[in-house]
Each structure stands twice: as structure tokens, then as C-alpha cells.
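All residue numbers in this chain count up from 1 along the given sequence.
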Amino acid sequence: GVIEGEILDIWVNHYEYATASDKFEPGGRLYHKPTTVAYKIRVDKVLAGVFHVGDEITVEDYNYVFDSIVSIKKGSSYVIPIGKVDGKFCEPDEIVEGDTCLESCYYTIYQFHPQIERVDGGYIVPSDWETLITDECTEIIMDIEGEEIPYPGSLYYVPDSVFNDRITHIIQS
């Protein structure tokens, strides 16, 4: 699905579990301590999928974009493509003790990528979303001294009218 919604909260989950493994000894165990970042999102608009306006959903990712410029922020609104899994850790070996399930079965599809941010009159869109960017859009120039921007692309301001027209076309195709 694809939703637009406000980030109500962000937190980190720490999990611990062990899998059966003969790697170091017969009948042995490997211990895992994964960390995830979770977002509680209030759905303000449903662009695709089974969500409803007003739903509060939790999305959980293994990765977090640390850069302060493009990371997801509490209180801001984003257009986020969301995927669904069975909510279990993806382990090739059987989990023999500890946590077996994630908090949420939903995740953001582009975890390593800046999300599309809602701003007054439009959206901030990463340049990879070429089909959303037209001649009517403005490239955002970031002049930040001493701070390296990890996201290699550009960001564009896409007015509401262009965004709504283009995103509908993308989702329908």
C-alpha cells in the first residue's frame, strides 16, 4: 500500500533470540540481537492498499536513515510505500529461544531512501522518483557547511497539483 500520514512517534526495539547451529559445536546455538526502528503513523490519506483514513499503524524497519536532513521526523507527514510480511524474523534456521516475532508486520519499502515529505502546498521528493518531477517542480539547493549529505540525489519541491496528478498515474499503472 501507499499512505500519506503524520509520524506520531518513533522508537527503537531491541530483540534477542537464538537459532540452532552446529557451526561452533554440535547442537550449538547462535545468538542474535537485532535492533529495529518503529514508527507510529496516523493515516491521513490512502493512495493504495487496505488502510483507512484515521488508522494508526506501526511500521517497523531494520534500518534507519540517520541523516538529520532526510530522516523521518516525529510530527512531520510523509507519503510512504508500505509492505507487509508475516511479522517474524527472517532466519534460515529455526529460532529455539527468545523473541520470534517483530512488533509489526508492516515495513517501509524504501528503507535506505528519503521518504516523500509533505510540506505547505506540495511535497519534497527525492530525484529517484523521476516520474513525479516535471518542469513545474523546483530543485532544492542545500548549502550546509561541514555536513556531508549521505543521500546522493537531489530533492525537489513538487506542487500539490503536479504531485496528485502524477502519483495517481503511477499507482494506476
Side-chain contact, heavy-atom cut-off 4.5 Å: [X] with [Y]?
X: Val119; Y: Tyr157; value: yes
X: Glu117; Y: Ser76; value: yes
X: Ile167; Y: Thr131; value: no
X: Gln115; Y: Thr108; value: yes

Quick check: closest heavy atoms across [X] and [Y], and the distance to 0.1 Å?
X: Asn13; Y: Ala38; result: ND2-CB, 4.0 Å
X: Asn164; Y: Thr168; result: O-OG1, 2.7 Å
X: Asp99; Y: His14; result: OD2-O, 4.4 Å
X: Ile10; Y: Val37; result: CG2-CG2, 3.7 Å
X: Leu132; Y: Val162; result: O-CG1, 3.8 Å
X: Gly49; Y: Val46; result: O-CG1, 3.9 Å

ask   = Where do Ser127 and Tyr156 land on the side chain to side chain contact (heavy atoms under 4.5 Å, CB included) test, with the steps shown first?
value = CA-CA 7 Å; Ser127 55; Tyr156 286 83; 3.8 Å; yes
Determine whether Ser77 and Glu6 satisfy the following criterion, side-chain hydrogen bond (donor to acceptor under 3.5 Å, both in side chains), listing intermediate values before the conclusion. CA-CA 4 Å; Ser77 291; Glu6 181 180 342; 4.8 Å; no
**Asked** If two hydrophobic side chains count as joined below 4.5 Å and joins carry through other members, does Ile109 share a cluster with Val79?
**Response** yes
Among the clusters formed by ILVMFWY side chains lying less than 4.5 Å apart, do Leu8 and Val43 turn up in the same one? no
Classify the angle between the aromatic ring planes of Tyr110 and Trp129 as parallel (below 30°), tilted (30 to 60°) or perpendicular (above 60°). perpendicular
Notebook entry, point to check: Between Ile82 and Tyr107, does a side chain to side chain contact (heavy atoms under 4.5 Å, CB included) hold up when you go through it step by step?
Noted result: CA-CA 6 Å; Ile82 293 176; Tyr107 64 95; over 6 Å; no
Report yes or no: do Tyr123 and Glu4 form a side-chain donor-acceptor pair below 3.5 Å?
yes
Next on the checklist: Under a plain distance cut-off of 3.5 Å, with no hydrogens placed, do Glu60 and Trp11 share a side-chain donor-acceptor pair?
Outcome noted: no
key: Full working for side chain to side chain contact (heavy atoms under 4.5 Å, CB included) between His32 and Leu30   = CA-CA 7 Å; His32 309 266; Leu30 286 181; 3.9 Å; yes
Ring pair (Phe, Tyr, Trp, His ring centres under 6.0 Å) filter on Phe51, not counting sequence neighbours, yields Tyr106
- Message: For a salt bridge (Lys or Arg N to Asp or Glu O under 4.0 Å) check, start with the C-alpha distance between Arg118 and Asp160, then their side-chain angles and the critical distance, and finish with the verdict.
- Response: CA-CA 9 Å; Arg118 177 81 170 114; Asp160 278 341; 2.6 Å; yes
Check this for me: does any side-chain nitrogen of one of Asp9 and Arg42 sit under 4.0 Å from a carboxylate oxygen of the other?
no
* Taking Lys73 for its side chain and Ser71 for its backbone only, find out whether a donor-acceptor pair lies under 3.5 Å. => yes
Evaluate Ile80 against Ile116 for side chain to side chain contact (heavy atoms under 4.5 Å, CB included), listing each step before the verdict.
CA-CA 7 Å; Ile80 303 178; Ile116 296 170; over 6 Å; no
